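Here is the structure we will look at, set down as C-alpha coordinates.
Because the structure is predicted, anything quoted here is derived from the model rather than measured. Whatever order the structure lists them in is the order used to number ligands and atoms, beginning at 1.
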Amino acid sequence: MRIVAIAGSLREGSLNRQLAGLAGESLARLDPSIDFEVLDWSDVPPLSEDIEHPAPEAVTRVRAEVAAADGVWFFTPEYNHFFPGVEKNLVDWLSRPQEGGAPQVLAGKPIAISGITPGMDGTAIAQDHLVTLLSFLDCHVMNKPRLTIPSGFSLVKDGILDLGDGAKRLDAQARAFVAFIGR
Ligand code: FNR
(Lines give C-alpha, C1' and ligand atoms only; values in the text may rest on other atoms or scores of the structure.)
Protein backbone atom coordinates (compact mmCIF):
# COMPACT_ATOMS: atom_id res chain seq x y z
CA MET A 1 0.00 0.00 0.00
CA ARG A 2 1.26 3.45 -0.92
CA ILE A 3 0.18 6.56 1.00
CA VAL A 4 1.19 10.08 0.00
CA ALA A 5 1.01 12.92 2.52
CA ILE A 6 0.28 16.50 1.52
CA ALA A 7 1.29 19.08 4.11
CA GLY A 8 -0.37 22.37 3.17
CA SER A 9 2.45 24.62 4.34
CA LEU A 10 5.64 25.86 2.71
CA ARG A 11 7.05 27.05 6.05
CA GLU A 12 10.39 25.71 7.22
CA GLY A 13 9.68 23.92 10.50
CA SER A 14 5.97 23.61 9.60
CA LEU A 15 3.99 21.90 12.36
CA ASN A 16 1.87 20.21 9.74
CA ARG A 17 4.84 18.81 7.84
CA GLN A 18 6.23 17.53 11.14
CA LEU A 19 2.83 15.96 11.89
CA ALA A 20 2.98 14.26 8.48
CA GLY A 21 6.38 12.83 9.40
CA LEU A 22 4.97 11.48 12.67
CA ALA A 23 2.07 9.94 10.74
CA GLY A 24 4.62 8.13 8.58
CA GLU A 25 6.15 6.70 11.77
CA SER A 26 2.68 5.62 12.96
CA LEU A 27 2.04 3.84 9.66
CA ALA A 28 5.45 2.13 9.78
CA ARG A 29 4.71 0.81 13.29
CA LEU A 30 1.36 -0.47 12.03
CA ASP A 31 2.71 -2.13 8.90
CA PRO A 32 6.35 -1.74 7.83
CA SER A 33 5.44 -2.67 4.25
CA ILE A 34 3.44 0.56 3.79
CA ASP A 35 5.18 2.87 1.36
CA PHE A 36 4.79 6.42 2.72
CA GLU A 37 6.02 9.69 1.32
CA VAL A 38 5.54 13.36 2.18
CA LEU A 39 4.98 15.04 -1.16
CA ASP A 40 7.43 17.82 -2.06
CA TRP A 41 5.33 20.35 -3.97
CA SER A 42 7.36 23.45 -3.13
CA ASP A 43 8.24 24.03 -6.81
CA VAL A 44 4.63 23.93 -8.09
CA PRO A 45 3.96 27.36 -9.64
CA PRO A 46 0.89 29.55 -9.18
CA LEU A 47 -1.74 28.25 -11.56
CA SER A 48 -2.43 30.24 -14.68
CA GLU A 49 -4.33 28.66 -17.53
CA ASP A 50 -1.73 30.25 -19.79
CA ILE A 51 0.88 27.72 -18.52
CA GLU A 52 -1.40 24.68 -18.18
CA HIS A 53 -0.25 22.96 -21.42
CA PRO A 54 2.22 21.44 -21.46
CA ALA A 55 2.01 21.03 -17.70
CA PRO A 56 5.06 22.31 -15.82
CA GLU A 57 7.48 19.51 -14.87
CA ALA A 58 6.72 19.96 -11.14
CA VAL A 59 3.00 19.53 -11.82
CA THR A 60 3.54 16.39 -13.91
CA ARG A 61 5.65 14.97 -11.08
CA VAL A 62 3.17 15.63 -8.26
CA ARG A 63 0.26 14.37 -10.36
CA ALA A 64 2.15 11.12 -11.01
CA GLU A 65 2.93 10.70 -7.31
CA VAL A 66 -0.70 11.24 -6.31
CA ALA A 67 -1.97 9.00 -9.13
CA ALA A 68 0.26 6.16 -7.89
CA ALA A 69 -1.00 6.46 -4.29
CA ASP A 70 -3.68 4.21 -2.78
CA GLY A 71 -4.54 7.03 -0.39
CA VAL A 72 -3.70 10.67 0.21
CA TRP A 73 -3.40 12.08 3.74
CA PHE A 74 -3.74 15.85 4.06
CA PHE A 75 -2.13 17.78 6.93
CA THR A 76 -3.64 21.21 6.74
CA PRO A 77 -2.78 24.44 8.49
CA GLU A 78 -5.53 26.95 9.21
CA TYR A 79 -5.26 30.49 7.83
CA ASN A 80 -8.18 32.78 8.67
CA HIS A 81 -10.44 29.77 9.34
CA PHE A 82 -9.60 28.38 5.90
CA PHE A 83 -6.87 26.18 4.48
CA PRO A 84 -3.94 28.12 2.95
CA GLY A 85 -4.15 29.53 -0.56
CA VAL A 86 -0.98 27.66 -1.58
CA GLU A 87 -2.68 24.39 -0.64
CA LYS A 88 -5.69 25.34 -2.81
CA ASN A 89 -3.28 26.13 -5.65
CA LEU A 90 -1.81 22.63 -5.43
CA VAL A 91 -5.25 21.00 -5.34
CA ASP A 92 -6.33 23.14 -8.31
CA TRP A 93 -3.38 21.79 -10.34
CA LEU A 94 -4.23 18.24 -9.28
CA SER A 95 -7.88 18.79 -10.22
CA ARG A 96 -7.21 19.34 -13.90
CA PRO A 97 -7.21 16.47 -16.45
CA GLN A 98 -3.77 15.02 -17.07
CA GLU A 99 -1.86 15.57 -20.28
CA GLY A 100 -3.32 13.27 -22.93
CA GLY A 101 -6.80 13.57 -21.43
CA ALA A 102 -6.50 11.04 -18.58
CA PRO A 103 -8.87 11.96 -15.72
CA GLN A 104 -7.74 14.13 -12.82
CA VAL A 105 -5.74 12.20 -10.24
CA LEU A 106 -7.86 12.88 -7.14
CA ALA A 107 -11.10 11.33 -8.44
CA GLY A 108 -12.12 8.40 -6.23
CA LYS A 109 -8.98 8.72 -4.10
CA PRO A 110 -9.31 7.75 -0.41
CA ILE A 111 -8.46 10.81 1.70
CA ALA A 112 -7.62 11.35 5.37
CA ILE A 113 -7.40 14.81 6.93
CA SER A 114 -5.45 16.03 9.96
CA GLY A 115 -4.21 19.40 11.09
CA ILE A 116 -2.37 21.24 13.83
CA THR A 117 -2.56 24.89 14.72
CA PRO A 118 -1.50 27.24 17.51
CA GLY A 119 -5.16 28.27 17.83
CA MET A 120 -7.93 26.55 19.75
CA ASP A 121 -9.94 24.83 17.01
CA GLY A 122 -7.09 22.60 15.84
CA THR A 123 -7.91 23.38 12.16
CA ALA A 124 -11.47 22.01 12.41
CA ILE A 125 -12.92 24.89 10.39
CA ALA A 126 -10.21 24.73 7.72
CA GLN A 127 -10.76 20.97 7.49
CA ASP A 128 -14.48 21.47 6.84
CA HIS A 129 -13.62 23.74 3.90
CA LEU A 130 -11.10 21.20 2.62
CA VAL A 131 -13.76 18.47 2.77
CA THR A 132 -16.04 20.65 0.66
CA LEU A 133 -13.32 21.10 -1.97
CA LEU A 134 -12.25 17.44 -2.03
CA SER A 135 -15.86 16.22 -2.17
CA PHE A 136 -16.42 18.43 -5.21
CA LEU A 137 -13.46 16.61 -6.80
CA ASP A 138 -15.13 13.22 -6.17
CA CYS A 139 -12.62 12.18 -3.53
CA HIS A 140 -13.56 9.47 -1.05
CA VAL A 141 -13.07 11.38 2.21
CA MET A 142 -12.72 9.56 5.54
CA ASN A 143 -14.68 11.88 7.84
CA LYS A 144 -14.32 9.78 10.98
CA PRO A 145 -11.83 10.08 12.48
CA ARG A 146 -10.35 13.40 11.54
CA LEU A 147 -7.50 14.67 13.72
CA THR A 148 -7.48 18.23 15.09
CA ILE A 149 -4.60 19.34 17.30
CA PRO A 150 -4.97 22.74 19.04
CA SER A 151 -2.31 24.78 20.90
CA GLY A 152 0.35 23.31 18.62
CA PHE A 153 3.24 25.55 19.69
CA SER A 154 2.93 24.23 23.26
CA LEU A 155 3.88 20.79 21.88
CA VAL A 156 7.14 22.00 20.32
CA LYS A 157 10.42 21.59 22.17
CA ASP A 158 13.63 22.85 20.50
CA GLY A 159 11.75 23.12 17.22
CA ILE A 160 10.57 19.51 17.33
CA LEU A 161 6.90 18.54 17.57
CA ASP A 162 6.17 16.01 20.32
CA LEU A 163 2.51 14.93 20.51
CA GLY A 164 2.83 13.19 23.88
CA ASP A 165 -0.47 11.45 24.65
CA GLY A 166 -1.87 12.87 21.41
CA ALA A 167 0.23 10.31 19.53
CA LYS A 168 -2.45 7.73 20.37
CA ARG A 169 -5.00 9.71 18.34
CA LEU A 170 -2.60 9.85 15.39
CA ASP A 171 -2.02 6.08 15.65
CA ALA A 172 -5.80 5.55 15.70
CA GLN A 173 -6.27 7.66 12.59
CA ALA A 174 -3.47 5.80 10.80
CA ARG A 175 -5.15 2.48 11.66
CA ALA A 176 -8.53 3.75 10.51
CA PHE A 177 -7.12 5.10 7.24
CA VAL A 178 -5.39 1.84 6.33
CA ALA A 179 -8.68 0.00 6.95
CA PHE A 180 -10.61 2.66 4.97
CA ILE A 181 -8.27 2.26 1.99
CA GLY A 182 -8.60 -1.52 2.17
CA ARG A 183 -12.41 -1.46 2.01
C1 FNR B 1 -2.56 32.07 10.61
N2 FNR B 1 -2.65 31.28 11.75
C3 FNR B 1 -3.89 30.90 12.24
N4 FNR B 1 -4.02 30.00 13.28
C5 FNR B 1 -5.24 29.58 13.69
O6 FNR B 1 -5.31 28.77 14.61
N7 FNR B 1 -6.40 30.04 13.11
C8 FNR B 1 -6.36 30.95 12.10
O9 FNR B 1 -7.40 31.30 11.57
C10 FNR B 1 -5.07 31.42 11.65
N11 FNR B 1 -4.98 32.33 10.64
C12 FNR B 1 -3.75 32.62 10.06
C13 FNR B 1 -3.71 33.40 8.90
C14 FNR B 1 -2.49 33.60 8.26
C15 FNR B 1 -2.47 34.41 6.98
C16 FNR B 1 -1.30 33.06 8.80
C17 FNR B 1 0.02 33.26 8.08
C18 FNR B 1 -1.34 32.32 9.95
C19 FNR B 1 -1.43 30.74 12.36
C20 FNR B 1 -1.03 29.43 11.68
O21 FNR B 1 -2.00 28.45 11.97
C22 FNR B 1 0.33 28.98 12.20
O23 FNR B 1 1.33 29.82 11.70
C24 FNR B 1 0.62 27.50 11.87
O25 FNR B 1 1.79 27.14 12.56
C26 FNR B 1 0.75 27.29 10.37
O27 FNR B 1 0.96 25.92 10.08
P28 FNR B 1 2.42 25.33 9.80
O29 FNR B 1 3.09 26.21 8.80
O30 FNR B 1 3.15 25.35 11.14
O31 FNR B 1 2.19 23.94 9.31
Side-chain angles (χ1 to χ4, degrees), residues 3-29 36-48 58-59 61-63 65-66 69 71-95 106 109-137 139 141-174 176-177:
I3 295 177
V4 166
I6 293 178
S9 172
L10 294 171
R11 190 171 76 82
E12 201 175 322
S14 157
L15 297 175
N16 285 281
R17 201 167 330 104
Q18 291 194 58
L19 185 61
L22 294 176
E25 293 172 20
S26 279
L27 288 166
R29 280 193 298 276
F36 176 82
E37 184 201 332
V38 180
L39 188 71
D40 178 2
W41 53 273
S42 55
D43 53 351
V44 169
L47 196 156
S48 160
V59 170
R61 191 192 73 244
V62 296
R63 281 180 182 157
E65 290 182 26
V66 169
V72 177
W73 193 342
F74 279 82
F75 297 83
T76 191
E78 182 164 282
Y79 285 1
N80 298 319
H81 284 186
F82 222 88
F83 53 85
V86 290
E87 187 175 343
K88 173 72 160 43
N89 182 66
L90 172 65
V91 174
D92 283 341
W93 275 115
L94 295 173
S95 76
L106 286 168
K109 197 69 73 179
I111 301 282
I113 301 178
S114 302
I116 179 168
T117 181
M120 293 310 293
D121 79 348
T123 75
I125 302 171
Q127 289 188 24
D128 284 344
H129 292 301
L130 186 57
V131 169
T132 300
L133 172 64
L134 295 173
S135 299
F136 178 71
L137 297 175
C139 292
V141 178
M142 182 179 79
N143 277 301
K144 291 185 276 300
R146 282 170 19 202
L147 182 62
T148 53
I149 303 181
S151 308
F153 287 154
S154 70
L155 303 172
V156 175
K157 294 175 195 86
D158 298 326
I160 306 295
L161 177 64
D162 179 352
L163 294 179
D165 282 350
K168 288 182 198 139
R169 293 168 59 216
L170 184 63
D171 287 345
Q173 194 184 21
F177 192 37

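- Closest non-hydrogen pair, Arg17 versus Val38, comes out as CG-CG1, 4.1 Å.
- Residue contacts with ligand 1, taken as heavy atom pairs separated by less than 4.0 Å, involve Ser9 solely via side-chain atoms from C-beta onward.
- For ligand 1, the atoms lying closer than 4.0 Å to a non-hydrogen atom of His81 are 9 (O).
- Heavy atoms of Phe82 come nearer than 4.0 angstrom to ligand 1 in no pair at all.
- Considering only non-hydrogen protein atoms, atom 11 (N) of ligand 1 sits nearest to Asn80 N, 2.7 Å.
- Nearest protein heavy-atom neighbour of atom 20 (C) of ligand 1: Glu78 O, 3.8 Å.
- Contact of the Val59 side chain with the Arg63 side chain is registered, since non-hydrogen atoms from C-beta on lie closer than 4.5 Å.
- In this structure, Phe82 has its ring center closer than 6.0 angstrom to the ring center of His129.
- Taking all atoms of both residues into account, the shortest heavy-atom contact from Val72 to Phe74 is CG1-CE1, 3.7 Å.
- Close approach to Asn16 involves these atoms of ligand 1, each under 4.0 Å from a residue heavy atom: 27 (O), 28 (P), 31 (O).
- Of the polar atoms of Arg17, none of the N or O atoms is found under 3.5 Å from an N or O of ligand 1, judged by distance alone.
- Ligand-side atoms of ligand 1 in range of Phe153: 25 (O), range being under 4.0 angstrom from any heavy atom.
- If you look at Arg11 next to ligand 1, the close heavy atoms, those under 4.0 Å, all belong to the side chain.
- In terms of heavy-atom proximity, Gly115 sits nearest to Asn16 at CA-OD1, 3.4 Å.
- Looking only at protein heavy atoms, the nearest one to atom 24 (C) of ligand 1 is Pro118 CD, 3.7 Å.
- The shortest non-hydrogen separation linking Val86 to Leu10 is CG1-CD1, 4.0 Å.
- For atom 6 (O) of ligand 1, the nearest protein heavy atom (residue, atom name, distance) is Thr117 OG1, 2.4 Å.
- Among protein heavy atoms, the minimum distance from atom 31 (O) of ligand 1 is reached at Ser14 OG, 2.6 Å.
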Could you go through Thr148 and Arg169, starting from their C-alpha distance and side-chain angles, then the distance that decides it, and tell me whether this counts as side chain to side chain contact (heavy atoms under 4.5 Å, CB included)? CA-CA 9 Å; Thr148 53; Arg169 293 168 59 216; 4.0 Å; yes

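- The protein atom (non-hydrogen) at minimum distance from atom 26 (C) of ligand 1 is Pro77 CB, 3.9 Å.
- Closest approach of Trp41 to Ser9, counting heavy atoms only: CZ2-N, 3.9 Å.
- Of the options Val141, Thr76, Ile111, Ile125, a side chain to side chain contact (heavy atoms under 4.5 Å, CB included) to Leu130 is made by Thr76 and by none of the others.
- Among the atoms of Gly13, none of the N or O lies under 3.5 angstrom from an N or O of ligand 1.
- With a 4.0 Å cut-off on non-hydrogen atoms, Phe75 does not touch ligand 1 at all.
- The minimum heavy-atom distance between Leu147 and Gln127, with the atom names listed, is O-NE2, 2.9 Å.
- In terms of N/O distances under 3.5 Å, ligand 1 is approached by Leu15.
- In this structure, Leu134 CG and Phe83 CZ are separated by 7.5 Å, a value rounded to the nearest 0.5 Å.
- Atoms of ligand 1 found under 4.0 Å from any heavy atom of Gly119, numbered from 1 in the order shown, are 6 (O).
- Ligand 1 has no N or O atom lying under 3.5 Å from any N or O atom of Tyr79, backbone or side chain.
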